[in-house]
Structure formats: C-alpha cells, structure tokens
Number of protein chains: 2
Amino acid sequence: MVLPRAAKTQRRTRIQEEKEERILEAALEVFSAHGFRGSTIDQIAEVAGMSKPNLLYYFRTKEAMHRALIDRVLDTWLDPLRELDSEGNPVAEIRSYIRRKLELARDFPRESRLFANEILQGAPHIEDELKGPLKQLVDEKAEVIRAWAKAGKIAKCDPYHLIFAIWSTTQHYADFDVQVRAVLGQEHAGEGRFDDAARFLERLFVDGLQVRE
Amino acid sequence: MVLPRAAKTQRRTRIQEEKEERILEAALEVFSAHGFRGSTIDQIAEVAGMSKPNLLYYFRTKEAMHRALIDRVLDTWLDPLRELDSEGNPVAEIRSYIRRKLELARDFPRESRLFANEILQGAPHIEDELKGPLKQLVDEKAEVIRAWAKAGKIAKCDPYHLIFAIWSTTQHYADFDVQVRAVLGQEHAGEGRFDDAARFLERLFVDGLQVRE
DNA sequence: TGATAATTTGACCGGTTGGTAAACATTACA
DNA sequence: TGTAATGTTTACCAACCGGTCAAATTATCA
C-alpha cells in the first residue's frame, strides 16, 4: 500500500514521529531564513538529510509543512503573554513579561523570524490565527492592564499600544539581528547586546509606567 | 541599434525617465509585498502595465531593479534621523524624531516593508549600506544623545538601544500592519491608530527620558 | 520626409521547482 | 518466518521564471 501517509493509522509510529520532527526542525531553519516563497523543498530536504519525495511522504505539500510548523510554534510564542498575571504586582509583571519576550528573541530567533516573515507579507497563511486566538488573548490581557491603570497601580496608557511596543522592541533583536549587529559593530558582537537591551527596555517601560504626581 | 539601454546616451530621454519611474513604482509595490525572492518580473511588469522584456530593456536584471529601488529609497528613509539636531532641545528633538518616523510608517509603509523584508532575510543585498552609511549615521547621532545624557539634559541611557527602540516601535505599524489591524479589530480600522500610537510612544519615551531625582 | 536611433513585443530557452508514479527496501507483527 | 503495511528512492513531468533574440514599431531630427 502506498497511500496512508501517517493519517489512516490511529497511532503514529516511532519513525513517523522522528522523521516529522526532523522535517519540521529543518523547515524552521529554512522558512525562517528565506520566507515561504523563498524556500524550496529541496533546501529543507538537504537540511533534514532526507530526499525530497521522502519529505513529501510525510507532508503532502510545501504548504502543509509550513502550516504544521506554524501550528506547532504559535503556542510557545504566545506563552509569555499568557503568563501575565492579573493577580501579581503590575510593574513586576510587565517587567518580567519584557524579560521573557527578550529571552525568547535571544533563544528562539528562528521562531520569531518565521512569524515576522509571515506577517510582513500579509499573513496569507495565518490570518485566522491572528483574528482568532491572538486577538482574543490580547483583548483579555489588555483588559488586565486597563484595570491596573484604572486602579492607579500604573500610569494610564493605551494597553494595546503598550503590548505592541513590547512586542516590537523585543522581537526587533531577533528579526533585525543583522541590522543590530551591523550598527553595533564588531565590538558588541557577543551576546552582551541582549543584556544591554534588557537593562534599557526594563528601565524605559518601568519608568514610563510609573504613576506621576 | 539594439544595445544602448539608457547607458550610452549622455542625456536621459523623457521616455526613459517616465518608464524607469513607472517600473520602480511597480517594483516597490511588488518587492515590498513579497520580498525579493518571492517577487517575479512578470508581477512587476503587470503592475507597471508593461511587457516583461520591456522592463528588462530598462533594467538588465531583477537584481538591478531591486538595487535601483533600494538606492532610491534609502536616503529618504534615513532623513528623520539626519534631522536630529544636536543644537536643539533634547526632549523635543527626540519627540519630533518619533513623530517623523511614525509619519513615515503611515505614509510610506511599502518603503518600510521593503527594508524589513531585506533585513529579515539576512540583508543579502544591502549589507554594505548597513555597515557603511547606516552605521556611520547612527554612530554620529548616538554620540549626540550620549552628550545630552552626559550634560544631564536627559536621563542616562544606552543611545543605540534607544534608537533601536524608536525604530522598532514606529516601523512596527508599517511592517506588521496586518497584525495590528487584526488585534485592534474592525472598530479601529481607520487611521486613528496612528494618532493613538503617537500619543502612547511620545509619552513612553519622553517620560522614560526625563531626568530623575 | 526619410533615415537613424530608441523602444516594444512575441517567441523562445535552459534551469528550477513543486509534485507524482512506481519500483524497491524495510519494518512490524501474526 | 512470511507477509502486509510502512518507508524510501529513482526517474520523471508540467509549470514557472529569469533572461535572450530578432523582428517590428515608434520617436527623433536633419
């Protein structure tokens, strides 16, 4: 039989799990570096150390690979925001949200670039995720922030734009890494830039959120 | 004769100027939406309303189009930073820098995305510009900011990361527009989000830069 | 107006790319 | 062990894509 393609069987075999894992790892490497259109199945196959038809045995199309990858990575990507705790100390919560996001940018830049590529080009494959789960989560957390402001625990500010500002400043160090490196030059080539960024951003946001008068 | 290709002649004809203009406008539309690799000459030709060989009469290769486009847009893109005046009032200067960058993101989102696409994928075509003119300009302006901090006119902070933060927060509204729209939802679909962003960002940075104690 | 240069186009080419078909190899399991 | 299901590979195809060429059309100007 030729068809099953890991769908008909109830239980996934050991080989299926291993190979799908290897493929998605390779797909992350390639898609995050060149975008969907700029990536080829051959490139992914080479990184995975498998033949092209073999990849297509596990994922019927290039789109299916991309989709599976996005589904897998999206949850992890949103975890830091989910952890924002309405019961905690507001300023401390936001500070550690920034730190977690920056750690993600440092440790998982490929995941960040995967989404950046996608959104930059109009989010043709993840529009539903943006308008559904993402919006829902942001709405919920924006309400938490708004409540903090109302209670006088942080300065009044637009919670949506605060979240955008935290996203953009932290992800910048993953998505625009080559620019950051180019501007900072050789002397800051190490990972120290993330510590500098953390210090700067925590100060910027924490001072900006302090209640005035 | 078949060859000239707008190079042999000393003076560019009216037709040459018009057509090159049309092509670069179309190229901006397409490259900014799909990235270099994701764009095809046919797409650009269709947007420009010209035939593919006709484009290639004015620009020998796809790369030449891209290169001409980047050269043309880069200067405009860096103008706001150039205008940062060491003689002016520090806080006012930074505030108006933010405002100008945000206006650029609102009025020229395609130009922003053009660079974002390029940098995100490792800046294969503009590495020299990043390490040369861009770094030079940023170094110069970082020194201005550092001097302001040293003179006690603004809070001490890492000037490079301050510039990165301003870049990322403002360009976010151009580069990740679909995400911003998706999260804000229908109700904020108009251009009002740029005014909200301006209010938020000016407050964030200005408060964050106020000298403490 | 006529000749020359500039511009435009349709037909085409070779390489790449996503994807398929079918033969072959390996694994799981009764 | 035998056999059916699963996994892998070779050869291949059709569409696409960057770019060329030569012929045809249009603009320029003496």
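If you take CZ of A:Phe59 and P of D:dT8, they are 13 Å apart, rounded to a whole angstrom. Here the P atom of nucleotide C:dT17 and the CD atom of A:Glu63 are 17 Å apart, to the nearest Å. Computed from coordinates, the A:Met50 CE to C:dG19 C1' distance equals 16 Å when rounded to whole Å. Distance B:Lys19 NZ to D:dT25 P: 17 Å, rounded to the nearest Å. In this structure, CG of A:Leu56 is placed 11 Å from C1' of C:dT17, rounded to the nearest angstrom. Atom pair A:Glu17:CD and D:dG7:P shows a separation of 11 Å (rounding to whole Å applied). One can place NE2 of B:His66 at 16 Å from C1' of D:dG18, the figure rounded to the nearest angstrom.
With axes fitted over five pairs at each extremity, the angle between the ends of the helix from C:dT1-D:dA30 to C:dA30-D:dT1 is 10° (10° resolution).
Side chains of A:Phe31 and A:Lys62 form a contact here, defined as non-hydrogen atoms less than 4.5 Å apart.
Of all non-hydrogen atoms in A:Phe200 and B:His161, the two that sit nearest each other are CE2-O, 3.5 Å. Contact between B:Ile166 and B:Thr169 at its shortest, heavy atoms only, is O-OG1, 3.2 Å.
For C:dT9, one of the phosphate oxygens OP1 or OP2 lies less than 4.0 angstrom from a side-chain nitrogen or oxygen of B:Asn54. Note on B:Tyr57: a side-chain N or O is less than 4.0 Å away from OP1 or OP2 of C:dT7. Distances shorter than 4.0 Å separate none of the side-chain N or O atoms of B:Gln16 from OP1 or OP2 on C:dA6. An OP1 or OP2 oxygen of C:dT9 is reached within less than 4.0 angstrom by a side-chain nitrogen or oxygen of B:Ser51. For B:Lys52, no side-chain nitrogen or oxygen approaches OP1 or OP2 of D:dT20 to under 4.0 Å.
A salt bridge between A:Arg193 and B:Asp158 is absent, with no side-chain N of the basic residue lying under 4.0 Å from a carboxylate O of the acidic one. Checked for salt-bridge contact, A:Arg67 and A:Glu63 miss the test: no charged N lies under 4.0 Å from a carboxylate O.
For A:Ile15, counting side-chain heavy atoms from C-beta on, the closest listed nucleotide (D:dG7, C:dG19, C:dG10) is D:dG7. Comparing C:dT7, D:dT20, D:dT8 by their nearest atom to the side chain of B:Tyr58 picks out C:dT7.
With values rounded to the nearest 0.5 angstrom, A:His172 atom NE2 is found 5.5 Å from A:Gln179 atom CD. Taken to the nearest 0.5 Å, the CG atom of A:Leu81 stands 9.0 Å off from the CZ atom of A:Arg100. If you take OH on A:Tyr173 and CG on A:Asp196, they are separated by 8.5 Å, rounding to the nearest 0.5 Å.
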Under 3.5 Å donor-acceptor pairs involving side-chain atoms of residues 112-121 of chain A, not counting sequence neighbours:
{"from": "A:Ser112", "atom 1": "OG", "to": "A:Asp175", "atom 2": "OD1", "distance (Å)": "2.7"}
{"from": "A:Arg113", "atom 1": "NE", "to": "A:Ala174", "atom 2": "O", "distance (Å)": "3.1"}
{"from": "A:Arg113", "atom 1": "NH2", "to": "A:Ala174", "atom 2": "O", "distance (Å)": "3.2"}
{"from": "A:Asn117", "atom 1": "OD1", "to": "B:Gln121", "atom 2": "NE2", "distance (Å)": "3.0"}
{"from": "A:Asn117", "atom 1": "ND2", "to": "A:Ser32", "atom 2": "O", "distance (Å)": "3.3"}
{"from": "A:Asn117", "atom 1": "ND2", "to": "A:Arg113", "atom 2": "O", "distance (Å)": "3.4"}
{"from": "A:Glu118", "atom 1": "OE2", "to": "A:His125", "atom 2": "N", "distance (Å)": "3.0"}
{"from": "A:Glu118", "atom 1": "OE2", "to": "A:His125", "atom 2": "ND1", "distance (Å)": "2.7"}
{"from": "A:Gln121", "atom 1": "NE2", "to": "B:His34", "atom 2": "O", "distance (Å)": "3.4"}
{"from": "A:Gln121", "atom 1": "NE2", "to": "B:Asn117", "atom 2": "OD1", "distance (Å)": "3.0"}

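Comparing A:Leu55 and B:Lys62 along DNA chain D, the residue whose closest nucleotide (by nearest heavy atom) sits nearer the 5' end is A:Leu55.
Paired with B:Arg72 under the rule salt bridge (Lys or Arg N to Asp or Glu O under 4.0 Å), one option of B:Glu21, B:Glu20, B:Glu111 passes, and it is B:Glu21.
Within residues 36-48 of chain B, the residues that place at least one heavy atom under 4.0 Å from DNA chain D are, in residue-number order, B:Ser39, B:Thr40, B:Ile41.
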